Every structure is written in structure tokens, then in C-alpha cells.
Amino acid sequence: MALLVRQGKSTNNFRDNRRTETRVTVYIPKDMHEQPVISKLISHSGVTVNIATAQLLGDVSQKGCFDLELRGTVFQIASALTYLDELNLEIKHQPMVNQDGW
């Protein structure tokens, strides 16, 4: 994968190797329940994923959801979120508990 580097100021430094984490809720439409979304997320981006909660029962009529903690570098987290966005999944960010506010 090629990474384009722009000149000038940017709010995201994708070459930043610091480890970080974020928490997201990912809503999975019923027609995608049997697809390996989380497995592909891990292999695509290299993030570590902790599934805090999940609701994907067979009787869910519309969509299920995963409450995920994503850990990795800034680039890996950005890659993971981009991957989920490219699948056209609804994603909601949640603040991490017990974190410094920087």
C-alpha cells in the first residue's frame, strides 16, 4: 500500500508510531451478519481488537452491533476506521474510560 505524503500542516501524522486506542460501536446490517468483518478488520489494518460487547442474534431484524476497543498505531487505527467506512457500516466513536484527556 502506497502512502502519499503531503507537504504542509496536517492534523494527522500517519507515520506516527505511538500506540493509541479508541472505542467504537460498529453496526452490522443483517445481510452482513455472516461475513467475517472483524477478522478482516484485524488482518487488513493490524489493530488489536477487544470485543467489549456484541449483539448479533439470528432474530435481530435490522442490524446487530459490536462495541470494539481498537489498539494500535495512529496509522493502524486510521486504516481500521477507513476499512469499516469503506464497507459503508455505521460507526460511532465513544470516549475511552480512564484515559488522560490529552
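Counting begins at 1 with the first residue of the sequence. As the structure is a prediction and not an experimental result, all values here were calculated from the model. Below, all heavy atoms of this structure are taken into account, side chains as well, without hydrogens, waters or symmetry copies.
A single hydrophobic cluster is not seen to contain both Tyr83 and Tyr27; linkage of ILVMFWY side chains at heavy-atom distances under 4.5 Å, directly or through other members, places them apart. Taking hydrophobic clusters as Ile, Leu, Val, Met, Phe, Trp and Tyr residues chained together by side-chain heavy-atom distances below 4.5 Å, Leu70 shares a cluster with Leu89. Following chains of ILVMFWY side-chain contacts shorter than 4.5 Å, one can reach Ile38 starting from Leu84, so the two form part of one hydrophobic cluster. Leu87 is connected to Val26 through a chain of hydrophobic side-chain contacts under 4.5 Å among Ile, Leu, Val, Met, Phe, Trp and Tyr, so both are in one cluster. Placement of Ile28 and Ile42 within a single hydrophobic cluster is found when ILVMFWY residues are connected by side-chain heavy-atom separations under 4.5 Å, directly or transitively.
For the atom pair OG1 of Thr48 and CD of Glu21, the computed distance is 10.0 Å after rounding to the nearest 0.5 Å. A distance of 7.0 Å separates OG1 in Thr82 from NE2 in His44, rounded to the nearest 0.5 Å.
Nearest heavy-atom pair across Val47 and Ala80 is CG1-CB, 3.9 Å. Listed here is the closest heavy atom pair of Ala52 and Glu69: CB-OE2, 4.4 Å. Here the closest heavy-atom approach between residue Ile91 and residue Leu81 is recorded as CD1-O, 4.2 Å.
Sorted by first and then second residue, the salt bridge (charged side-chain N to carboxylate O under 4.0 Å, His left out) pairs with a member in residues 31-54 form an empty list; sequence neighbours excluded.
For Phe66, there are no ring pair (Phe, Tyr, Trp, His ring centres under 6.0 Å) partners at least two apart in sequence or on another chain. Residues passing the side chain to side chain donor-acceptor pair (under 3.5 Å) test with Ser43, sequence neighbours excluded: none.
Inter-residue side-chain proximity for Ile77 and Ser45 is flagged as unmet; no heavy-atom pair is nearer than 4.5 Å. The shortest side-chain heavy-atom distance between Arg19 and Gln76 falls under the 4.5 Å cut-off.
Between Lys92 and Glu90 there is a salt bridge, since a side-chain N of the basic residue sits under 4.0 Å from a carboxylate O of the acidic one.
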Check the pair Leu68, Ile51 against side-chain contact (heavy atoms from CB on, under 4.5 Å), reporting the backbone distance first and the verdict last. CA-CA 5 Å; Leu68 304 175; Ile51 302 173; 3.7 Å; yes

